[in-house]
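Note sheet for the following structure.
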Amino acid sequence: LFFWNVMIKGYAKNGPYEEAIALYYQMLRTGLQPNKFTFPFVLKACASLNAPEEGITIHKHIRNLRFEADVYVGAALIDMHGKCGNTQDARDVFDKMPHRNLVAWTAMIAGYAQNGKPIEALWLFKEMGLVGMRSDSVALGSAVLACASLKALLTGKTIHGYILKSGFEFYVYVATGLIDMYAKCGSVEFARKVFDRMPQRNAVSWNAMISGYAQNGHAKEALALFKKMHFGLATPD
RNA sequence: CGCACUAGGAUCU
């Protein structure tokens, strides 16, 4: 069983994802019972493939084998349903979990944020704080994304405040999210401030800042930054 | 076997 799990994990991580799912069924055919380690990998493969039918079938297996309440399996289920666009199924799993950890909350928040439900995402983020769950950089980053799609500048600034307090401002994806959020809210100046403070930038941060300028009609700045990117270490997309 | 990257996160397209 360990061997199967490792094999499935490998394919779930690097693809081809179909192989992970095929392997899972092959394992069932040998009569082996999957365990709670098996499912997160298989579900991840479904999520990456955007295969809701597959995911729902495997969700049934999980339910039959009573693994639904496991925190790892639960978080993976929420993620899978979220990535496949089924926020309601994700929420059902979330609501049924006896013990929710940070990942479960974050996966649910990200699920809402990525499916055009930023209000639900922010509401859940707030609720998470109310129940005393401490957020990490990923949770904060997802909340920032929700603000970006809502163009909720004030809420975004509040969350930026939390980020400063918790010291996550230099995580590249958190800072990049902030740049995007400020740019989408029309505040290129704030976006630039975040950008300038970043100790490290990747192609995505550059891209976010440049398109932020472009979206707000600052073609000159966008071009200037684009040249700078060429000039520097980063490779443009 | 909690498996030393076991599960969730980023811009534009």
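Throughout, a chain's letter reflects where its sequence line sits, starting with A, and its residues are numbered from 1. Predicted model, so just to flag it, every value in this text is computed and none were measured.
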Exercise. Given atom CG of A/D70 and atom C1' of B/G8, what is their separation to the nearest angstrom?
Worked result: 15 Å
Problem set entry | Phosphate OP1/OP2 of B/C5: any A/K44 side-chain N/O under 4.0 Å | no
Exercise. Over how many whole Å does the gap from A/F195 atom CZ to B/U11 atom C1' extend?
Worked result: 12 Å
Problem set entry | Check: A/A183 main-chain N/O paired with A/S187 side-chain donor or acceptor under 3.5 Å | no
For this session: Flag this pair as yes if the NZ/CZ of A/K193 is under 6.0 angstrom from the six-membered ring centre of A/F190 and inside a 45 degree cone about the axis; otherwise no.
Result: yes
For this session: Go through B/A10, B/C12, B/G8 for me and flag the one nearest to the A/N207 side chain.
Result: B/C12
Exercise. Can you tell which of A/R192, A/K157, A/H160 makes a side-chain hydrogen bond (donor to acceptor under 3.5 Å, both in side chains) with A/Y182?
Worked result: A/H160
Exercise. A/Q215 CD to B/U11 C1': how many Å, rounded?
Worked result: 9 Å
Exercise. Base, sugar-phosphate alone, or nothing: which one does A/K36 contact when heavy atoms must sit under 4.0 Å apart?
Worked result: base
Exercise. Contact class for A/T106 (heavy atom, under 4.0 Å): base, sugar-phosphate, or nothing?
Worked result: base
Exercise. CZ of A/F168 versus C1' of B/A10: gap in Å, rounded?
Worked result: 15 Å
Exercise. Separation of A/Y182 atom OH from B/U11 atom P, in whole Å?
Worked result: 17 Å
All N/O donor-acceptor pairs, side-chain side in residues 18-32 of chain A, below 3.5 Å, sequence neighbours left out:
residue	atom	partner	partner atom	Å
A/Y24	OH	A/H61	ND1	2.7
A/Y25	OH	A/E54	OE2	3.0
A/T30	OG1	A/M27	O	2.6

List the atom pairs, with distances to 0.1 Å, where a side-chain N or O of residues 101-111 of chain A and a protein N or O form a donor-acceptor pair under 3.5 Å, not counting sequence neighbours.
residue	atom	partner	partner atom	Å
A/N101	OD1	A/V103	N	3.2
A/N101	OD1	A/A104	N	2.9
A/T106	OG1	A/L102	O	2.7

Problem set entry | Base of B/G8 paired with side chain of A/N101 (donor-acceptor, under 3.5 Å) | no
Exercise. Among side-chain atoms of A/N5 and A/T38, is any donor-acceptor pair under 3.5 angstrom?
Worked result: yes
Exercise. Under 3.5 Å, is there an N or O donor on one side and an acceptor on the other linking the side chain of A/D180 and the base of B/A10?
Worked result: no
For this session: Could you please name the option among B/G8, B/U11, B/C5 that lies closest to any side-chain atom of A/A208?
Result: B/U11
Exercise. Expressed in angstrom and rounded to an integer, what is the separation of A/R201 atom CZ from B/A10 atom P?
Worked result: 21 Å
For this session: In sequence, state the C-alpha distance, the side-chain angles, and the governing distance for A/M229 and A/I210, and then conclude on side-chain contact (heavy atoms from CB on, under 4.5 Å).
Result: CA-CA 10 Å; A/M229 178 166 79; A/I210 293 170; 4.1 Å; yes
Problem set entry | Short side-chain donor-acceptor distance under 3.5 Å, A/S149 and A/K184 | no
For this session: Using a heavy-atom cut-off of under 4.0 Å over every strand shown, decide if A/Y171 touches base, sugar-phosphate, or nothing.
Result: nothing
Exercise. Taking the same atom, C1', in B/C5 and in B/C1, what whole-Å distance lies between them?
Worked result: 16 Å
Problem set entry | Nearest-nucleotide 5' precedence on RNA chain B, A/K9 against A/N35 | A/N35
For this session: Please determine, for the side chain of A/K184, which listed nucleotide (B/C12, B/G8, B/C5) has the closest atom?
Result: B/C12
Exercise. What integer distance in Å separates A/L43:CG from B/G8:C1'?
Worked result: 13 Å
Exercise. Taking RNA chain B as the partner, which of residues 108-117 of chain A come within under 4.0 angstrom of it by heavy atom?
Worked result: A/Q114
Exercise. A/L145 CG to B/C12 C1': how many Å, rounded?
Worked result: 13 Å
For this session: Identify whether any heavy atom of A/I179 sits under 4.0 Å from a base atom; if not, whether one sits that close to sugar-phosphate; answer base, sugar-phosphate or nothing.
Result: nothing
